[in-house]
Amino acid sequence: GAGVSQTPSNKVTEKGKYVELRCDPISGHTALYWYRQSLGQGPEFLIYFQGTGAADDSGLPNDRFFAVRPEGSVSTLKIQRTERGDSAVYLCASSFQRGDGETQYFGPGTRLLVL
Amino acid sequence: GENVEQHPSTLSVQEGDSAVIKCTYSDSASNYFPWYKQELGKGPQLIIDIRSNVGEKKDQRIAVTLNKTAKHFSLHITETQPEDSAVYFCVGGSNYKLTFGKGTLLTVNP
């Protein structure tokens with residue numbers, strides 16, 4: 001079956017602009033996660049959804065970052081007033097059910113470059 | 001929170017040799033330790049995982065060991081092949097919030 005998909009694969013924007021990154025999880029997966037991966041580093045947790053609700057958003061760096069999952073499937077990560085430091089690969093992952101010890105399947109990521 | 005240290009940061013081996021990557025973690029509550037492989041331009045892919053009630057797990061050429069007392073775990077790849085070249089991440093976690101190490105760039109030379 002299809003894996004996790006993310007669009008766009010690449011996004012170049014200017015400082016101060018607004019961007020939206022989309023994630024389509026594996027069909028039937030109720031848990032969805034967003035991570036951020038800076039160059040040469042491992043992914044860092046941003047937010048976790050169980051169904052439609054954000055169960056843990058403690059990894060979001062500040063209030064410029066927001067994510068939604070209105071119907072419990074597709075999720076959108078929204079970044080307002082982008083800064084050069086936001087440049088990174090944004091990864092989405094999903095798992096079948098509640099996240100504890102469940103295998104997380106990652107998408108290919110969206111490479112965001114803020115000029 | 002959890003802190004995962006991984007070494008070496010780079011590892012170069014000849015095809016057919018073994019490769020070992022070692023990690024330590026800080027949170028004694030961590031009970032789930034997956035390993036991910038990431039190829040250039042792709043997302044991380046799970047290759048093997050181990051849970052705290054098991055000391056060792058093997059899957060073909062890949063094996064993982066876990067020492068809960070010492071809080072360290074390791075990945076062993078035997079008979080390495082060029083397609084094993086990638087960045088490998090060890091991960092610690094006790095719930096959904098996975099903590100990744102900084103990664104090991106493995107290069108297998110033909």
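Side-chain atoms are counted along with the backbone in the values below, which use heavy atoms only and exclude waters and symmetry mates. Order of the sequence lines sets the chain letters (A, B, ...), proteins ahead of strands, with each chain counted from 1.
The 12-atom threshold is exceeded at CZ of A:F65, counting heavy atoms of other residues, nucleotides or ligands nearer than 6.0 Å. The number of heavy atoms from other shown groups lying within 6.0 Å of CD (B:E83) is above 12. By the 6.0 Å contact criterion, NZ on B:K68 is enclosed, its count of non-hydrogen atoms from other residues, nucleotides or ligands being greater than 12. The environment of CG in B:L40 is sparse: at most 12 heavy-atom neighbours from other residues, nucleotides or ligands sit within 6.0 Å. Annotation: B:E15, atom CD; neighbour count of heavy atoms from other residues, nucleotides and ligands within 6.0 Å is above 12.
Of the two parts of A:S58, only the side chain, counted from C-beta on, holds a non-hydrogen atom closer than 4.5 Å to a non-hydrogen atom of chain B. Contact annotation for B:K42: only backbone heavy atoms (N, CA, C, O) come within less than 4.5 Å of a heavy atom of chain A. Contact annotation for A:Q37: only side-chain heavy atoms (C-beta onward) come within less than 4.5 Å of a heavy atom of chain B. Residue B:Q38 touches chain A through its side chain alone, counting heavy-atom pairs closer than 4.5 Å. The contact between B:L46 and chain A is made entirely by side chain atoms (from C-beta outward), counting heavy-atom distances below 4.5 Å. Looking at B:F33, there are no atoms closer than 4.5 Å to chain A (heavy atoms on both sides), in backbone or side chain. Neither the backbone nor the side chain of B:P34 comes within less than 4.5 Å of any heavy atom of chain A.
Hydrophobic clustering places B:I21 together with B:V108 (ILVMFWY residues linked when any side-chain heavy atoms are closer than 4.5 Å, directly or through intermediates). If you chain together hydrophobic residues whose side chains sit under 4.5 Å apart, B:V20 and B:I62 never meet in one group. Under a hydrophobic clustering in which Ile, Leu, Val, Met, Phe, Trp and Tyr are joined whenever their side-chain heavy atoms come within less than 4.5 Å, directly or via other members, A:L77 and A:Y35 fall into different clusters. By the rule that hydrophobic residues join a cluster once side-chain heavy atoms approach within less than 4.5 Å of another member, B:V4 and B:F89 end up as members of separate clusters.
The candidate with the highest count of non-hydrogen atom pairs below 4.5 Å against chain B, out of A:P108, A:C92, A:P43, is A:P43. Taking B:P44, B:G103, B:S9, B:G93 one by one and counting their heavy-atom pairs under 4.5 Å with chain A, the maximum is reached by B:P44.
Side-chain atoms of A:Q41 do not come within 3.5 Å of backbone N or O of B:F100 as any donor-acceptor pair.
Taking each heavy atom of B:L98 and A:F45 in turn, the nearest pair found is O-CB, 4.4 Å. When all heavy atoms are compared, the tightest approach of B:Y96 to A:D56 is OH-OD2, 2.7 Å.
Atom NZ of B:K97 is separated from atom CG of A:L46 by 11.0 Å, given to the nearest 0.5 angstrom. Separation of atoms OG1 (A:T103) and OH (B:Y36) is listed at 6.0 Å; rounding is to 0.5 Å.
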